[in-house]
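Structure, as structure tokens:
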Amino acid sequence: MAPAELAALLEREHRERVPFHSLLREAQLPVETASLDQAYAVQDAFVARLCDAAGEPRGYKVGLTSRRMQQMCGIGEPIAGRVLAKRVHVSPAEVLLDHHLHLGIESELCLLLKADLPARTTPYSSVEVARAVGSAAAAFELIDDRGADYARLDAFTLVADNSWNAGVVLAAGSDAGGLDLGALEGRLFVDEHLVDRGRVADALDSPIAVLAWLAAHVGRRGEALRAGDFVMTGSVVPTRFAQAGEHYRFEVTGLAAVELRIRPGSKNRRTSGSKYASGRVG
């Protein structure tokens with residue numbers, strides 16, 4: 001199948017709530033020859049198909065930036081995806097559990113850009129990247145792995161499926177100029193109980209390194225990061241899979257906490273891109 005055909009298949013499978021499975025057979029690619037460039041071509045076509053319902057891209061997610069997350073997924077390098085406008089929610093938010101096949105919550109630091117990082121052939125330095133950051137915020141990424149078997153996960157299919165992004169929840173941001181981003185720590189609470197903690201620097205050694213990786217990644221594809229884009233820099237702790245009634249709070253040193261409550265939902269499930277949470281930013 002061509003990228004456009006695989007994208008159409010992904011859209012249908014999400015709509016029909018088909019469990020996650022490898023696309024390598026449909027793509028007629030052996031796992032040893034399937035490239036991430038091919039996967040991103042499918043992702044581009046898939047995201048384009050989602051825009052009518054879910055809005056235009058507002059930002060990026062970068063995943064698998066920590067060793068803990070790479071070990072969880074069995075993939076040894078970062079991946080990227082797009083976040084669409086109608087899937088951006090303001091903390092405190094509520095999410096309906098049954099609008100997802102298998103909802104995961106990832107606890108992250110989000111960076112908002114105040115300046116462009118145009119595509120170029122030479123890598124950006126950490127100083128150049130840091131100057132482009134306007135603010136930082138505690139955030140949750142919502143993922144839907146559709147019940148994936150992590151022991152059989154392949155990077156091609158994960159990337160093609162927009163790296164599983166199903167939305168984000170953002171707390172109020174703070175000026176990043178006064179923050180030592182690499183020194184920040186995060187603590188995740190579920191129903192007021194501390195369940196995990198981690199260092200923001202566990203993601204590629206610093207959020208700035210994540211942003212530099214993303215700038216290089218999109219630059220190789222002839223694209224640019226723009227002022228106003230936000231970047232989810234990767235989970236500080238391993239993904240937790242949501243249960244109805246749970247309340248999540250993620251605290252990052254010196255930042256406003258991000259909060260999310262999981263509701264069971266209703267029998268009338270809405271399709272991808274619906275207004276399934278409160279506090280939506282359009």
Do the side chains of [Y] and [X] get nearer than 4.5 Å, heavy atoms only?
| X | Y | answer |
| --- | --- | --- |
| L23 | F156 | yes |
| H100 | V95 | yes |
| V62 | T233 | no |
| L103 | D145 | no |
| H102 | F20 | no |
| N165 | E141 | yes |
| L170 | H89 | no |
| F230 | V88 | yes |

NZ/NE/NH1/NH2 to OD/OE distance under 4.0 Å, [X] and [Y]:
| X | Y | value |
| --- | --- | --- |
| D196 | R240 | no |
| E259 | R249 | no |
| K61 | E108 | no |
| R146 | D161 | yes |
| E185 | R199 | no |
| E128 | R120 | yes |

Shared hydrophobic cluster, [X] / [Y] (ILVMFWY, side-chain heavy atoms < 4.5 Å):
| X | Y | value |
| --- | --- | --- |
| V133 | V218 | yes |
| I262 | F189 | no |
| Y150 | V237 | yes |
| L50 | L101 | no |
| V195 | V252 | yes |

Rounded to the nearest 0.5 Å, how far does [atom2] of [Y] lie from [atom1] of [X]?
| X | Y | atom1 | atom2 | value |
| --- | --- | --- | --- | --- |
| D202 | T65 | CG | OG1 | 9.0 Å |
| R220 | H217 | CZ | NE2 | 7.0 Å |
| L10 | L6 | CG | CG | 7.0 Å |
| L158 | S22 | CG | OG | 11.0 Å |
| I105 | T239 | CD1 | OG1 | 9.0 Å |
| R197 | S107 | CZ | OG | 13.0 Å |

Where is the tightest heavy-atom contact between [X] and [Y], given as atom of each residue plus distance?
| X | Y | result |
| --- | --- | --- |
| A257 | E251 | CB-CG, 4.0 Å |
| V47 | P57 | CG1-CG, 4.3 Å |
| S163 | A80 | OG-O, 2.7 Å |
| A171 | A256 | CB-O, 3.6 Å |
| S174 | G254 | OG-O, 4.3 Å |
| G173 | A137 | CA-CB, 3.9 Å |

inquiry  = Is the positively charged end of R82 above the ring of Y60, judged by distance under 6.0 angstrom from the centroid and angle within 45° of the axis?
reply    =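 Because its charged atom sits under 6.0 Å from the ring centre and within 45° of the axis, R82 does stack over Y60.
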
So, [X] side chain and [Y] main chain: donor-acceptor pair closer than 3.5 Å or not?
| X | Y | answer |
| --- | --- | --- |
| Q43 | V159 | yes |
| N162 | W164 | no |
| D229 | R226 | yes |

I'd like to know whether [atom1] of [X] has more than 12 heavy-atom contacts from other residues, nucleotides or ligands below 6.0 angstrom.
| X | atom1 | answer |
| --- | --- | --- |
| R221 | CZ | yes |
| D191 | CG | yes |
| Q28 | CD | no |

Worked check of side chain to side chain donor-acceptor pair (under 3.5 Å) between Y40 and Q38 = CA-CA 6 Å; Y40 283 112; Q38 293 167 311; over 6 Å; no

inquiry  = The test is side-chain contact (heavy atoms from CB on, under 4.5 Å); show your working for L117 and L214 and say whether it passes.
reply    = CA-CA 10 Å; L117 290 171; L214 181 64; over 6 Å; no

task = Could you check L188 against F140 for side-chain contact (heavy atoms from CB on, under 4.5 Å), going step by step and ending with a plain yes or no?
result = CA-CA 10 Å; L188 176 63; F140 288 122; 3.9 Å; yes

inquiry  = The test is salt bridge (Lys or Arg N to Asp or Glu O under 4.0 Å); show your working for R49 and E11 and say whether it passes.
reply    = CA-CA 7 Å; R49 296 183 71 92; E11 183 184 36; 2.7 Å; yes

task = Apply side-chain contact (heavy atoms from CB on, under 4.5 Å) to the pair L181 and L111, showing each step before the final yes or no.
result = CA-CA 10 Å; L181 297 177; L111 301 180; 4.0 Å; yes

request  = Apply side-chain contact (heavy atoms from CB on, under 4.5 Å) to the pair L225 and L211, showing each step before the final yes or no.
outcome  = CA-CA 10 Å; L225 299 180; L211 185 54; 3.7 Å; yes

